[in-house]
2 protein chains.
Amino acid sequence: MITINDVAAHAGVSTATVSRVLNGKSTVDQQLADRVLVAAKELGYRRNGLARNLRRQSTAVLALIISDVENPFFTAIARGVEDIAQEAGYSVVLCNSDDNADKEARYVDVAVSEQVAGVIVSPTTAEPNFAPLRDAGVPIVAVDRPVPGPPTDTVLVDSRLGARQATEHLLGQGYTTVACLTGPRGVPTADDRAAGHRDALRAAGLRAPAALTKRAEYRASGARSATVELFRGRTRPDAVLVANNAMAIGTLQALRELGLRPGSDVGVVTFDEAPWTTLIDPPLTVVAQPAYDIGSHAVRMMLDRIAEPDRDVRTTTLHTALVERASSVR
Amino acid sequence: MITINDVAAHAGVSTATVSRVLNGKSTVDQQLADRVLVAAKELGYRRNGLARNLRRQSTAVLALIISDVENPFFTAIARGVEDIAQEAGYSVVLCNSDDNADKEARYVDVAVSEQVAGVIVSPTTAEPNFAPLRDAGVPIVAVDRPVPGPPTDTVLVDSRLGARQATEHLLGQGYTTVACLTGPRGVPTADDRAAGHRDALRAAGLRAPAALTKRAEYRASGARSATVELFRGRTRPDAVLVANNAMAIGTLQALRELGLRPGSDVGVVTFDEAPWTTLIDPPLTVVAQPAYDIGSHAVRMMLDRIAEPDRDVRTTTLHTALVERASSVR
DNA sequence: TTGTAGGCGTTATCAA
DNA sequence: TTGATAACGCCTACAA
């Protein structure tokens, strides 16, 4: 391995000069600088990031811990994070916690011991533990869901309002019994969707019986059986608001099995835009979340925090957009 | 920051002993070991990964460079990589090259300077340059596409055969003019699909006119316009084989615009399984690729290579499975 | 402007 | 078995 010592020797200067040149520091005589650059190139010098990290006690790496790599919502966030981070000279390492507290904890550990410059995280369902990050002074930005504990920079989506608007839209289309299929109790985004649904029913002067809100894992399989139960139950709905992308797939499968056609038989609105929503028949009405923007905002917040560790903690709330298609029209 | 020096002082032993205990090395007197453990816990000691990395000249991190985080095929690979790597005690950092040679090069640089233990990569379209990795002795495993240059451990899918089988299936269903919509010329997976398509036509005693093979970027938008051209061209096909997931979406959009119904009007088979393929009407026949297995195989290969750097270079080829649904039946 | 030299926290070598 | 100590490669006071 070629080190700055080799380069220094080859260029006939000191290691300090080499370091300065390589980092564009202070004013080094142009001639010397050139000699260093030439020597470095001739020798095929490559900086040893490990040594630099140790010396600097930090890295130009941001960790992004998301709960599901296979969910387009999160990969869109990842893209937003990556694009902006790249511009700022940071690398992004993507960690998939799989909504599993253990995996999440492991990545948190790695983030601390490898001293990443910051962690952007969408916390898992279970009670997450970010104390190690806090203790080590690693900046945290939460996305999609707030983190419990001390105030933390956060980027959220107003999904309560999004759910409310979607429900109102369904009611406005003449559906009378709008159900809500959402995620597990205690998951903020799941509870928000349920609350928005309730808001809309109440505002319309309707009762909001518990039987109209159904909970399942944020996955297709859970949503499928939950949908079947919902439409076989006593208070049979004529419309449903589904809380995310993955669940939407399960719900649509279930409706097909039940012989119910979206739109004409059952009004359907789901959270999250996806490439296939216009391909199905009828096309799916969605509550589109600004996933990419969540990511880009989160990085900007992180960069601000790194630049100014003592600044006030902020929470940014972005908004959803209802995209009306045929699945919510009779 | 608490260091092993602090722990050593607190436990009344040397740093060497602390290090040994913390790494489960050699046989340390049980009593001393206990004292060290207690001291570490009391002080809230956390290992500094940076220092360890520098000293060891290596990290327990694998880099996975994929060309599109938003493509389910690659995220499924990622999951396979991650699951197995975790078991073996490696962390995985996911890098999204966006099929952009510059981004890829940047990640390669980072991988070298941060001295990751290995790089698993699906090379970009453009001529990739992995010389820095090779020079630094970082093991490489290629997935999905071979890398140019010296022999490299590789996990491929026999997509030529997959394409052939899909084409034969369409011909067997009575479609007579089967087109192939594939990726850019020079991209191995794209060329393989075209070749498999040709193989099937020839084996059936048919001519394989160039007009039946259309190329576009591996994206929905390109596939959309390419499909329109294909079906408005002179040799109008009555079936089409589409080369990937993202393109499938564009093709299906185009067919709808053209008023052509999959199955009855146009036989459609696409590469890659996706959650929505059963939701559309009619359900989509696909050439399913074993994406998860690609990832898990790649990691195993990597672990073997790390354990035994001089072993023979291997290429593993996995196979596709044709999943017949209604889009390829009249 | 340039060079010297110390230290970042850990592991591994060598003595004891 | 344990301890002292020298690296690992880089950056940065501080001195010249």
Side-chain angles (χ1 to χ4, degrees), chain A residues 1-37 39-40 43-61 109-110 112-117 135-138, chain B residues 1-37 39-40 43-61 109-110 112-117 135-138:
Chain A
M1 162 172 275
I2 312 294
T3 74
I4 55 172
N5 293 294
D6 302 321
V7 176
H10 197 257
V13 299
S14 74
T15 61
T17 299
V18 174
S19 175
R20 285 192 272 255
V21 171
L22 262 26
N23 291 289
K25 281 288 173 63
S26 66
T27 36
V28 179
D29 184 88
Q30 190 57 48
Q31 223 169 346
L32 275 197
D34 289 345
R35 249 162 58 200
V36 168
L37 261 15
L43 264 35
Y45 169 79
R46 303 186 69 91
R47 121 156 86 229
N48 182 325
L50 266 34
R52 150 184 274 224
N53 293 342
L54 174 59
R55 176 59 228 235
R56 290 224 181 143
Q57 299 288 25
S58 80
T59 60
V61 173
D109 262 5
V110 172
V112 172
S113 68
E114 300 292 330
Q115 300 185 324
V116 299
D135 294 347
V138 178
Chain B
M1 163 173 272
I2 312 294
T3 74
I4 56 171
N5 293 293
D6 303 321
V7 176
H10 197 258
V13 298
S14 74
T15 61
T17 299
V18 174
S19 176
R20 283 191 275 255
V21 172
L22 263 25
N23 290 289
K25 283 284 175 61
S26 66
T27 36
V28 179
D29 183 88
Q30 190 57 47
Q31 223 170 344
L32 274 198
D34 289 345
R35 248 161 60 201
V36 169
L37 261 13
L43 264 37
Y45 168 79
R46 303 187 68 91
R47 130 184 330 146
N48 182 324
L50 267 34
R52 151 181 273 219
N53 293 342
L54 174 59
R55 178 60 229 230
R56 288 226 182 138
Q57 299 288 30
S58 78
T59 61
V61 173
D109 262 4
V110 172
V112 172
S113 67
E114 300 291 329
Q115 296 182 277
V116 299
D135 294 347
V138 178

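Reminder, nothing fancy here: chain letters follow the sequence lines and each chain counts from 1. Quick caveat: nothing in here was measured; it's all calculated off a predicted structure.
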Shortest non-hydrogen contact from [X] to [Y]?
| X | Y | value |
| --- | --- | --- |
| B:Thr15 | B:Ala8 | N-CB, 3.7 Å |
| A:Tyr45 | A:Ile2 | CD1-O, 3.3 Å |
| A:Ala33 | A:Val21 | CA-CG2, 3.8 Å |
| B:Thr59 | B:Ala117 | O-CB, 3.2 Å |

Is there a donor and acceptor pair, one atom on the side chain of [X] and one on the base of [N], closer than 3.5 Å?
| X | N | value |
| --- | --- | --- |
| B:Arg52 | C:dT10 | no |
| A:Arg20 | C:dG3 | yes |
| B:Arg55 | D:dA7 | yes |

Can you see if the side chain of [X] gets near the phosphate of [N] - specifically, an N or O under 4.0 Å from OP1 or OP2?
| X | N | result |
| --- | --- | --- |
| B:Ser14 | D:dT2 | no |
| B:Thr17 | D:dG3 | yes |
| B:Ser19 | C:dT11 | yes |

Quick one: which of [options] gets closest to the side chain of [X]?
| X | options | value |
| --- | --- | --- |
| A:Ile4 | C:dT2, D:dC10, C:dT4 | D:dC10 |
| A:Arg56 | C:dG9, D:dC11, D:dG3 | D:dC11 |
| B:Asn23 | C:dT2, C:dT11, D:dC10 | C:dT11 |
| B:Gln57 | D:dC8, D:dA4, D:dC10 | D:dC8 |
| A:Leu54 | D:dC8, C:dC8, D:dC10 | C:dC8 |
| A:Asp29 | C:dG9, D:dC10, C:dT2 | C:dT2 |

Take the protein atom [atom1] of [X] and the nucleotide atom [atom2] of [N], then report the distance between them rounded to whole Å.
| X | N | atom1 | atom2 | result |
| --- | --- | --- | --- | --- |
| A:Leu50 | D:dC11 | CG | P | 12 Å |
| A:Ile2 | D:dC8 | CD1 | C1' | 16 Å |
| B:Gln31 | D:dT2 | CD | C1' | 14 Å |
| A:Asp6 | D:dG9 | CG | P | 9 Å |
| B:Asn5 | D:dA4 | CG | C1' | 12 Å |
| A:Asn53 | D:dG9 | CG | C1' | 11 Å |
| A:Tyr45 | D:dG9 | OH | C1' | 8 Å |
| B:Glu114 | D:dG9 | CD | P | 15 Å |

(message) For B:Gln115, give me all partners under side-chain hydrogen bond (donor to acceptor under 3.5 Å, both in side chains), at least two apart in sequence or on another chain.
(response)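 Checked B:Gln115 against side-chain hydrogen bond (donor to acceptor under 3.5 Å, both in side chains); matches are A:Asn48.
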
(request) Answer yes or no: is there an ion pair linking B:Arg46 with A:Asp135, defined by an N-O contact shorter than 4.0 Å? (result)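 No, this pair does not count.
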
(request) Please give the angle, rounded to 10 degrees, between the axes at the start and the end of the helix from C:dT1-D:dA16 to C:dA16-D:dT1, where five pairs define each axis. (result)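 If I round to tens, the end axes sit 40° apart.
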
(message) Distance alone, cut at 3.5 Å: any donor-acceptor contact between the side chains of B:Glu114 and A:Asn53?
(response)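 Yes - a donor-acceptor pair under 3.5 Å links their side chains.
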
(request) Hey, which sits more toward the 5' end of DNA chain D by its nearest nucleotide, B:Val13 or A:Leu22? (result)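 Nearer the 5' end of the strand: B:Val13.
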
(message) Against B:Val18, only a single residue in B:Leu32, B:Asn23, B:Val7 fulfils side-chain contact (heavy atoms from CB on, under 4.5 Å); can you say which?
(response)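 Only one of B:Leu32, B:Asn23, B:Val7 forms a side-chain contact (heavy atoms from CB on, under 4.5 Å) with B:Val18, namely B:Val7.
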
